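A short write-up of the structure that comes next.
Everything numeric in this text was worked out from a predicted model, so none of it was measured. Chain identifiers are assigned alphabetically (A, B, ...) following the order of the sequence lines, protein sequences preceding nucleic acid strands; residue numbering begins at 1 within each chain.
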Amino acid sequence: MGAPTALTKKDFVSDQEVRWCPGCGDYAILSAAQQVFPELGVPRERFVVVSGIGCSSRFPYYMNTYGFHAIHGRAPAIATGIKIANPDLSVWIATGDGDALSIGGNHVIHTLRRNLDIKILMFNNRIYGLTKGQLSPTSEMGKKTKSTPYGSVDRPFNPVALALGADATFVARSVDVNAPHLKEVIRAAADHRGAAFVEILQNCNIFNDGAWSEFREKDRRDEHVVELRQGEPLVFGKSRDRGIRLAGCHRPEVVTLGSGVTEKDLLVHDEQAPLGYAFMLAHMQPPEFPLPIGVFRRAVLPTLEAAIHEQIGAITAKKGPGDLGKLLRSGDVWEVK
Amino acid sequence: MGAPTALTKKDFVSDQEVRWCPGCGDYAILSAAQQVFPELGVPRERFVVVSGIGCSSRFPYYMNTYGFHAIHGRAPAIATGIKIANPDLSVWIATGDGDALSIGGNHVIHTLRRNLDIKILMFNNRIYGLTKGQLSPTSEMGKKTKSTPYGSVDRPFNPVALALGADATFVARSVDVNAPHLKEVIRAAADHRGAAFVEILQNCNIFNDGAWSEFREKDRRDEHVVELRQGEPLVFGKSRDRGIRLAGCHRPEVVTLGSGVTEKDLLVHDEQAPLGYAFMLAHMQPPEFPLPIGVFRRAVLPTLEAAIHEQIGAITAKKGPGDLGKLLRSGDVWEVK
Amino acid sequence: MASETTSNGTKPGVETLDRVVIRFAGDSGDGMQLTGTQFTATAAIVGNDLATFPDYPAEIRAPAGTLPGVSGYQVNFASEDIFTPGDAPDVLVAMNPAALKVNLKDLKAGGILVVNSDAFRESDLAKAGYQGNPLEDGSLDGYRLVRVEMNRLTRSALEGTGLPQRTMDRSKNFFALGMMYYLYNRPLEVSLRWIEEKFASEPEIAAANRLALKAGYAYCEASEIFHDTYEVPAARLAPGTYRNVNGNQALALGFVAASRKSGLPLFQGSYPITPASDILHELAAYKNFGVITFQAEDEIAAIGAALGASFAGSLAITTTSGPGLALKSEFVGLAVMVELPLVVVDIQRGGPSTGLPTKTEQADLLQALHGRHGEAPCVVLAARSPADCFECAYEASRLAVRHMTPVLLLSDGFIANGAEPWRIPAVEDLPPIPVAFRTDPEGFLPYARDPETLARPWAIPGTPRLEHRIGGLEKSDGAGNVSYEPLNHERMVRLRAEKIARVALDIPPASPSGDHEGGLLVVGWGSTYGSITAAVRRARAEGKRVSRLHLRYLNPLPSNLGEVLSQYDRILVPEMNLGQLAFVLRGRYLREIVSQSKVEGQPFRESEILDRIREIA
Amino acid sequence: MASETTSNGTKPGVETLDRVVIRFAGDSGDGMQLTGTQFTATAAIVGNDLATFPDYPAEIRAPAGTLPGVSGYQVNFASEDIFTPGDAPDVLVAMNPAALKVNLKDLKAGGILVVNSDAFRESDLAKAGYQGNPLEDGSLDGYRLVRVEMNRLTRSALEGTGLPQRTMDRSKNFFALGMMYYLYNRPLEVSLRWIEEKFASEPEIAAANRLALKAGYAYCEASEIFHDTYEVPAARLAPGTYRNVNGNQALALGFVAASRKSGLPLFQGSYPITPASDILHELAAYKNFGVITFQAEDEIAAIGAALGASFAGSLAITTTSGPGLALKSEFVGLAVMVELPLVVVDIQRGGPSTGLPTKTEQADLLQALHGRHGEAPCVVLAARSPADCFECAYEASRLAVRHMTPVLLLSDGFIANGAEPWRIPAVEDLPPIPVAFRTDPEGFLPYARDPETLARPWAIPGTPRLEHRIGGLEKSDGAGNVSYEPLNHERMVRLRAEKIARVALDIPPASPSGDHEGGLLVVGWGSTYGSITAAVRRARAEGKRVSRLHLRYLNPLPSNLGEVLSQYDRILVPEMNLGQLAFVLRGRYLREIVSQSKVEGQPFRESEILDRIREIA
Ligand SMILES: Cc1ncc(C[n+]2csc(CCOP(=O)(O)OP(=O)(O)O)c2C)c(N)n1
Ligand SMILES: Cc1ncc(C[n+]2csc(CCOP(=O)(O)OP(=O)(O)O)c2C)c(N)n1
Ligand code: SF4
Ligand code: SF4
Ligand SMILES: [Mg+2]
Ligand SMILES: [Mg+2]
C-alpha cells in the first residue's frame, strides 16, 4: 500500500487537545494507534479514521489523518463509501460498545459479512460514557446504571461471538493498557486483507471504573487472560502453569500443567480452524475460564471493494469504456428533422 | 397460557383474500401456522402477529388474530413493546430475509439477545420479492438480480449462524413445503419460553424460482437435508444410509453407513450442547454437506419481559405501590400560605 | 423482417386524428405493461409526441381476475405536442371483467371498447363482482363495443407451434397489440424487432408472440370489425434525435452524464424501494461507465455510504422514496454540517407511512424542506416530466458540487414510470461541471469559503498535507475545528443559510408563460406540469387571462419570484397534496393563494385543473 | 442538626434585595452543578421565586483548567416573581482562571467577584490562556473582587479528617457554597441534610463536605470580607405546596400522573441522548408505579416498542432530542396511519446534526410539524418552563389518548435542566383522562370514528372477538382493511387532517396578556417564555403598548389565533432559531411578522428582547 515513509508517532498526533477524562483507557488506545500507524508503510494522507458518537468516537480528532466524526452508529456506512470509492485508502473505525453494538449493530454486521477491508476498533467499556453512564449492550446483567437504577435485566452481547456470527474474517480482542498486545493486534488487523473486528477492553474510570480490572492490572491479568497465539497451546497463568484442554468436542476445560498433564494435551490455537472452534473460544468466559485475548479468527476471502472494482474492470474490458454520447442515444431512437 | 379452547384452522383464517402469487411458498407457511396455532392452547384473542414489509410480511392480514403490519424491518421493535406491555400475549413475527436481516438486522439480534418470548418466522427466499427481485443479504454470491445485473459480489449472511452469534436461545430451520417438519418446528418454537428464530426456506417462484429445490422437492430432499432430532444420530439419505461424523473436533464429515461405520460413530444431536456445536452445524452447507433442518439450539434462560415484571413486582412489594400524591410531593417541598 | 409488414399499406377509410388515448387494462398476469410499452415505442418511432401512465397494483400478483389485480397502461400519442397521458381514453382494451369494471368509468362516452370476450365466463364475472354479464345486459350501449375471442383466436394462430395452451394464452396481449396497430395504422417492425431481441434465448416464445401480434393485425384486416381506421401523423417536435424515456431512466442517464462531464466517478448508495428501485437497476448496468452502485442494508447506510464516497471524491447520490427519505433525515443533517456534495433523490409515492406504494403523490415537499432537526437548509429541486428528469439530475449534481451541499431532488411515481419522447442532448452542449479538488496545503482551512458561493474546499483523503477532520459537531468558522462558542454558532448557522440562499444567483429567474401580468397565474411544481400546461393552454384558447409558472427550484426559490407573483391578480397552485407549496409561498410572500388539492394517488386530469381555472379566472 | 445553624442570626448591615443572580463557575471537576443545585434548593425552601440555568460542557471531562472544561450554574432568586435565570449575574464565583475568563464578560459592572485565589498559579493561568494574572493586573478593578484561598482554607478546616489532600480539595465547592449562604443569610440545614443523605454510605465524605460548608460560612463571619450581607425575602407565590423541579423531572412526573389518572400503565421506549436522558433516568426509578422503561437499541426501536405498547393498551411515550426525532420520522408516520396514542418528546438542543449537544435551541419546530413523508399531521405542543413541563406531559397524554393520535411535545435543553419552583397540584384537581377500550364485538369496525373527535376505537389484543389487523398501508374508511381505492385515499387523508384540526376544539383559545388590541404583540413558544414575559413586563412598565401571547399548542393552533393576531398592529416573534414559528404564522395567517432570531445555543436575555421591543413598539 504505497512506498514506506519515515513516519513517527508524532506525525499522527493532531493539534487538537485530547478531551477525555484523566485516567480514561482511551488514551492508551490512542497512543497505541499513533505508534502502530507510522509503522504500516502507508503514507499518512491515505489513512482515514471514521467514528460515530461517544467518548471513543472522539478518536479521529486526535489522529492527524483524514477523519470523519459521523453520527451515532453510522461510522461503518461512511467508511464503506470511502473504501469502495477509493480502495487505496486505509480505512479505520473507532467506535464504542454503544455506537457499534447498540445503534450501529446492523451496520457492523453487514460490514463484516461483506468483508470490506475496514478495521473496526471497538472500545468496550461496557457503558455509555459520553451520555454519562447508561446501560450498554455489553453491560453485565444486574448492572446499576443511570438508566437501570435497580439493576439491568438485559442479557449482554458477546461481541466476539456476534462478529463470528456475522462471518467476520478477522476477529480479535485486546486490552487498552496492555500496550504490546494491543499494538500487535492492531498491526495484525492492519495486515489482514478484509474486515477486521477488534474488541478492546477499555476502562471508563468515571462511569464504570474497574469493569475489566482483572484483565488490565499488570499483577492480575496473567491469571485471568489466555493469549491466543497461532500454533501455540493455550497456556496461561503467571507461571504459565495452566492451560485449556478439550474435555470433549466443543467442551473446553481448564487444567493445571504437571501431574500428567503436559502442553501436548492442550488446545493448540488455530486462527483458521473451522468456525465452531473460534465460537467455542468466544464463549470461554470468566469466572470459569480465563478470557481469551488475541486473534480468534483470520480467514482470507475476497474483499467487497476489490470485487466491485474487478467487476467494473472486467465489464469495461469486455464492453469498452462507456461512451456517453452512445449511451444517451441507446435504445430505440428516431430523428426529427 | 390460558385454558385450552376448541379452535380449528378455520378460526385462524381471516376474511382477507390472500394476495401472493400462485405457487408462492408463503401459502404453505400460512397453512402450517393456521394449523399449529389452534393446537397451542392459547385463546385466539391472545395471538398477535407482527410483520415488517415484504411479501412475507403480508402474513398478518391472513391470520385471524390481532395483527400489526409495521414498517420495513421494524417488526421486532413493535413486537417487543407488545410483549413487554402484556406478557400474556403470544407474539409472533412474520418477516422476510430482507426485512429481518437487511434493514431489520439490528432489531432481530437485539430481540434475540434480550430473549424476549417472541417467535420470529423468517421466510428466506433469498430475494426481495415485493420490490420485484433485488439482492437480499441471503442471496448467494454471483447472483444476477435486478440490482446486480452482472452478478452480486456480496457475501451472504448465514442466518442460523447470525442468530447463534446473537446468543438466541432457540434457533431452528425448516422448509416451506415440508409441512410436517415445519409444523413441528413452529410448535417447538411456540413451546420454547424465550426468543425463537426460525429460518424457513421459502420459494419465490416469480423472482427466485428453484432457489431451494433440493431441499423442497419430495424426491430429492432426503438426499440433501439432515434432520436434527434431539438425542438421535445425524443420519440422512433416502435410505438413511449416510450420516455425519466428527473427523476431528469442530470438523464434521459425511460418511456412509455400513462397511464398519455404524450409527454409533455418528454425531448425536444435542440442542443444549455448548454453542460451538450448534455453530458448527450452522456451517454445514451444501454441496459438501446435507443442510441441517430442525432445532439447532434450545436453551432455557430468563425472558426479558418476565424479568421486567418480576423486578417491578419485587420493588413494588418492597416499597409498596406508588402513591401519586406522595410522589409529586417528594423531595424538598415547602408551603406558601 | 421489414418485409413482413407490407400489409401496412393504405386502407380504405383512414381518418386522421390529432391525438388519441388508449388504455390497455387486464390482469397483472396479462402483460399489459408490456403491451403499453410496445405501443409507446412504436408511437415514438412513428414520431408522435406522447405521454404514458402505467398504473399497476401494489401486490406482486393479486389473485387472478380480481379487482386489485388489475393493471393498466395508458398512452396518449399525438401529432401536436401534448403534456399528459390524457384524461379519458378514446379506446379501452379490457382483457377481463375486472379490468372492465375498474376502467370503464374513465372511457370517453362513445369510445371504443375492445374486450376479450373469452374471459367473460361466469367465474370470471364473479371474481370481478359482476352479477350479470355486462357484454350482454346492455350496460355498455354507450360505447362502441368490440368483442373479440382473443384466447380462441390466439390459440388458433399458434396452433402450429406445439406450445401448451397456457403458454399460448400468454401471447394474447400481443394479439391485442396487433389489433391496435391495425386500428391506428402503425408499423409492426418495432415490436417484432423487440420480440426477437428480448426472447432470443426462447425462440418458441418469440415465435408465439410474433405470430400473435400478426394475427391480431390480420384478424382486424380480415374481419373488418373496425369500420374505419385512424392515422395520427408525426408531431412537429423540435428537430433532433429522440428516444422514449421514463423518469427513472432519465435520472440515471442524467447522473451518468454529470459524472462524465464533471470527471467524478458516480457512486450510488441505495436501498430498493418502489418507485425508486429502477434507478438502481438502471445504474447497476452502467459498470463500464465506472458507475458504482452499492445496495446498502438500509436507507441510512445507503446515504452514509454515499456521503463517505463524497468525502472520498465521488459524485455521490442516494435514491429512495418517502419512507426512505424519512430515514435519511439525520444523515442529511450531517451532510449539511460537513458541507459535502450529495444528491438525494426522492421518488414520491402515496403516503403517509407505507400508504399507496405504487401510486403517485407530491406530499414530501415539506419533508424535503424541513424534515431535519436544527437549522439544516438544503437545495431542493423537483422534476416536472420524465424527460426533465435528465436535466434535473444533471442540475442537481452541478449545484451539489459547485455549492458543496446536499441537494434534494423530488420526482414522483407518475413521472418515474411514465414515458415521453426525449430530445437527446449533444454531450458537448451539456453545461460544464468544473471540479477542483483542493491540493495546495498552503493556507488550507477546511471551512474557508469561496467568496462567491460560500462553498468550502473539497479536500479528499489521499491528498498529502491536507489531513483534516470533519464531523457533525458545530465547526469553527474557517478552521473547522469543533467549537461550542455561542457567537461562532450563530455565525455558522447564518453562513449555512446564506450559502443556500446564494444558490439563487446560480439559477434562472422565474419566468411565467402567458402574460407578464394580470389575471390568474397557475403555479406548479413537479409532475403536475403536464396537466397544468394542457389546462392553461385550453383556458387561454377559451380566452381566459391565465398564465402559468412551473418551479423547478423549490429551495432557494428564484430570487424574482415574489416580484413575479405580485404581478398577477390571483394565484392557483394545484398540487397532489394538501397544499404544501401553497403554504410555502404564503409564508414566503404573504400572498393569498388558491390551493387545489388532489390526494387520490392519481395525477390531475387536465379537465380538473381546467375546471378550477374556469371557476376563478 | 438544626441547632448547628444558630449562627445564622441577625447580622449588622443586612440589606434587603428583591432579586439576586449568582453564577457559580469552575472546572467540570469542581462540582459547580452541585453547588448551584444546593443553593437553589435552599432558595426554594426559603420561599424565593427562582430560575436556574446550568451550562456545562459537551465533553465528559475536558482537560482540567481549560476553557472548554468550564461548567457554570446560574441561579436567580427573588422575592418578586421572576421568569428567567437573569441576564447578568450580581455575583460570580470563579473557581479558576478559565471560569473567570469565560464568565467575566457577563458579570454586572460593580458586581461581586469571588475567586479561589489558590487556583491562580502560573500553570493555571496558562491553561486558561491568560498572559498575566488578572487578580493582580488591575483588570478586575471594575468589580468588587473578593479573593479567597479556598484550597488552603478548606484543607485547614478538614485537617482533622485525615483525608488525603486531593479528597479534601474536592470539598472546596461546599466552602464556596457556605460563603454564599453567609452573604445571603441563608440557612445551612437543607444542604446539611442533603449531604447526610447523599453520602450516607461514605461518612468521611459527608463529614468533609459538612465541615467545608460550615467553614465557608464561618470564614466570612470571622473575616468580614463582605462588608454587608443581604436578604432576599420569600416571594409572594400563590399559596400551595411547592417544590423545585427541572423540566425533565417535571415531564417524568407529568407522565406518571397521566398514567395514574388514566389507569393506563406507562411505557417509555427510549434511547439515551443529551439532554433527554434524564427523563429515562427519572422514570426508571418509578418502578413501584408500574412504570416500564425500555432502553432500546436505538431511537427507531424505542418508538417502535412504544407504538407496540400503545397497541397493547399502555400509555406509551418515547423521549429523545433532535437527532433522535429525525430517526423516528418514519415511525411517527406509521403512528399517524394506525391512529394509536403516542407521545413523542423532543428535548431540543443546538443543531443541525450533532451540533451543540449540551446547548439549547428551538430549531426542531418545523421538523416536528413537517418532518414526515406524505400528509402526516400530528398534534404538536411545546412546554414553556420547567414547571410547565408537568402540565404539558399531562396534556400531551390526554390529547393522545382522547384523539388517538401521536402528539409531539417539544422542550429544550434550557428548561430541561433549568429549575424553578413548582406549585404541586392536588391529584384530585388533575383533569380526568377517561379511557374506554373497545370490548363490544357488535358492529366493531377498527376505523369507525367518534363523531366528535373522529378518533377510532382502541381495541387491544387480548380482547375476545375484536381480532383485527392494522398497518401502514392506506386503510379503507371504517373497516380499516387495506385499500388502494383513489377516492378512499383522498377521504382518509382529509379525515386524518380533520381529526387533528378538531383538537383545536379541545384546547383553550389564545388569550394574550396585556391589551386586547393595538400596539405590539410578542408571540412566543417554548422556553422563551421567561425572557419574553420579563421583557414585556419591563416594556409595559416603561409605558410601551405591548402585549404578549405564549403558544403551547403549535398544531393545531388555537382556533381564534388568526382573529387575535389581527387585533394588533405589529407582531414580534422571538425564537432561538431562524424564524420557524414566524414562518408558520405568516403561512397560516398571511400576517407580516417581525422575527427575532438568536441561535447561539444560549437562551435570550431579557434585555435582548426588551431592546427589540423598544425599537419597534
Ligand atoms: C442519534 C443519536 N442518538 C443518541 C445519541 C447520544 N449518544 C451519544 S454517544 C452515545 C453512546 C455512547 O456510548 P459508547 O458508544 O459505548 O461510547 P463511549 O462514550 O462509552 O466511548 C449516545 C447514546 C446521539 N448522539 N445520537
Ligand atoms: C423504509 C423502506 N425501505 C424500503 C422499502 C421497500 N421494500 C419493501 S419490502 C422490501 C424487501 C422485501 O424483501 P423480503 O423482506 O425478503 O420479503 P419478501 O418480499 O421477499 O417476502 C423492500 C426493500 C420499504 N417499504 N420501506
Ligand atoms: S466518561 Fe469514561 S469513557 Fe468517557 S472520557 Fe471519561 S473515562 Fe473515558
Ligand atoms: S413475488 Fe415471490 S415471494 Fe412474493 S408473492 Fe410472488 S412468489 Fe411469493
Ligand atoms: Mg461505551
Ligand atoms: Mg425475501
Side-chain angles (χ1 to χ4, degrees), chain A residues 14-16 43-51 53 60-61 63-86 88-89 106-107 109-110 308-309 311-312 314-316 318-322 324-325 327-337, chain C residues 41 44-45 47 190 234 237-244 253 256-257 260 265 267 269 286-290 292 294 296-298 300-314 316 330-331 334 338 424-427 461-473 481-482:
Chain A
S14 83
D15 62 350
Q16 298 295 296
R44 191 179 63 179
E45 65 271 16
R46 293 232 203 115
F47 284 99
V48 187
V49 185
V50 186
S51 68
I53 303 285
Y61 289 121
M63 295 292 295
N64 193 14
T65 62
Y66 285 92
F68 204 141
H69 181 223
I71 44 181
H72 196 31
R74 315 303 175 187
I78 292 194
T80 295
I82 294 171
K83 185 71 188 177
I84 295 177
N86 184 355
D88 284 345
L89 300 172
N106 205 32
H107 307 306
I109 60 178
H110 279 270
I308 287 175
H309 287 276
Q311 190 177 52
I312 288 180
I315 291 161
T316 309
K318 201 169 136 198
K319 297 197 165 185
L324 179 59
L327 175 67
L328 300 185
R329 270 156 229 275
S330 61
D332 287 325
V333 303
W334 69 96
E335 296 290 333
V336 173
K337 297 272 150 57
Chain C
I45 296 291
V190 176
L237 296 174
T241 309
Y242 283 78
R243 69 185 275 198
N244 208 17
L253 293 172
V256 175
R260 278 294 151 123
F267 182 101
Y286 300 153
K287 296 243 181 293
N288 60 331
F289 286 81
I292 294 177
F294 172 64
E297 58 271 27
D298 64 14
I300 298 177
I303 186 174
L307 190 59
S310 169
F311 184 48
S314 295
E330 192 198 8
F331 243 123
L334 179 62
V338 298
I424 304 169
V427 172
T463 317
R465 298 181 54 212
L466 295 188
E467 292 86 352
H468 66 285
R469 275 71 48 195
I470 57 175
L473 287 165
N481 290 321
V482 173

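- For C:I303, no part lies under 4.5 angstrom from a heavy atom of chain A.
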May I have the step-by-step check of side chain to side chain contact (heavy atoms under 4.5 Å, CB included) for C:R465 and A:E45, ending in yes or no?
CA-CA 7 Å; C:R465 298 181 54 212; A:E45 65 271 16; over 6 Å; no
Audit row: A:H107, C:I300, side chain to side chain contact (heavy atoms under 4.5 Å, CB included) steps and yes/no
CA-CA 9 Å; A:H107 307 306; C:I300 298 177; 4.3 Å; yes
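- The minimum heavy-atom distance linking A:L328 with C:P425 is given by the pair CD1-O, 4.0 Å.
- Residue contact with chain A, scored on non-hydrogen atoms closer than 4.5 Å, involves the backbone of C:A238 exclusively.
- Neither the backbone nor the side chain of A:S51 comes within contact range of chain C; no heavy atom of the residue lies under 4.5 Å from a heavy atom of that chain.
- Smallest separation of non-hydrogen atoms from A:V333 and C:I424: CG1-CD1, 3.9 Å.
- Most heavy-atom pairs under 4.5 Å with chain A: of the set C:L237, C:V427, C:L253, C:I45, this distinction falls to C:I45.
- The candidate with the highest count of non-hydrogen atom pairs below 4.5 Å against chain A, out of C:G240, C:P239, C:P461, is C:P461.
- When all heavy atoms are compared, the tightest approach of C:R243 to A:R329 is NH1-N, 4.5 Å.
- Options A:D15, A:T80, A:T316, A:T65 differ in how many heavy-atom pairs under 4.5 Å they form with chain C, and the most are formed by A:T65.
- Judged purely by atom type and a 3.5 angstrom limit, C:N288 has no side-chain atom pairing as donor or acceptor with the backbone of A:I315.
- Most heavy-atom pairs under 4.5 Å with chain C: of the set A:N106, A:V48, A:L327, this distinction falls to A:L327.
- Taking every heavy atom of both residues into account, A:I84 and C:F267 meet most closely at CG2-CE1, 3.8 Å.
- In terms of non-hydrogen atom pairs under 4.5 Å with chain A, the most contact-rich of C:A309, C:A306, C:A302 is C:A309.
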Apply side chain to side chain contact (heavy atoms under 4.5 Å, CB included) to residues A:I312 and C:K287 and explain how you reach the verdict.
CA-CA 5 Å; A:I312 288 180; C:K287 296 243 181 293; 3.9 Å; yes
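- With a 4.5 angstrom heavy-atom cutoff, A:H110 touches chain C only via side-chain atoms.
- Interface residue A:I308: only side-chain heavy atoms are found under 4.5 Å from chain C.
- Side chain of A:Y66 to main chain of C:T463: a donor-acceptor pair is present (N/O by atom type, distance under 3.5 Å, no hydrogens or angles).
- C:L307 approaches A:I78 most closely through the heavy-atom pair CD2-CD1, 4.5 Å.
- Without hydrogens or angle criteria, C:R260 side chain to A:G325 main chain gives no donor-acceptor distance under 3.5 Å.
- Considering all non-hydrogen atoms of both residues, C:L334 and A:F68 come closest at CD2-CE2, 3.9 Å.
- With a 4.5 angstrom heavy-atom cutoff, C:Y286 touches chain A only via side-chain atoms.
- Taking the six-membered ring where tryptophan is involved, the planes of C:Y242 and A:W334 are essentially parallel, since the angle between them stays under 30° and well short of 60°.
- Only the side chain of C:S314 comes within contact range of chain A, with heavy atoms under 4.5 Å apart.
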In sequence, state the C-alpha distance, the side-chain angles, and the governing distance for C:R469 and A:V49, and then conclude on side chain to side chain contact (heavy atoms under 4.5 Å, CB included).
CA-CA 9 Å; C:R469 275 71 48 195; A:V49 185; over 6 Å; no
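- Of the atoms belonging to A:Q16, it is side-chain heavy atoms, and not backbone ones, that fall under 4.5 Å from chain C.
- Looking only at heavy-atom pairs under 4.5 Å with chain A, the residue among C:A296, C:A257, C:G47 that has the most is C:A257.
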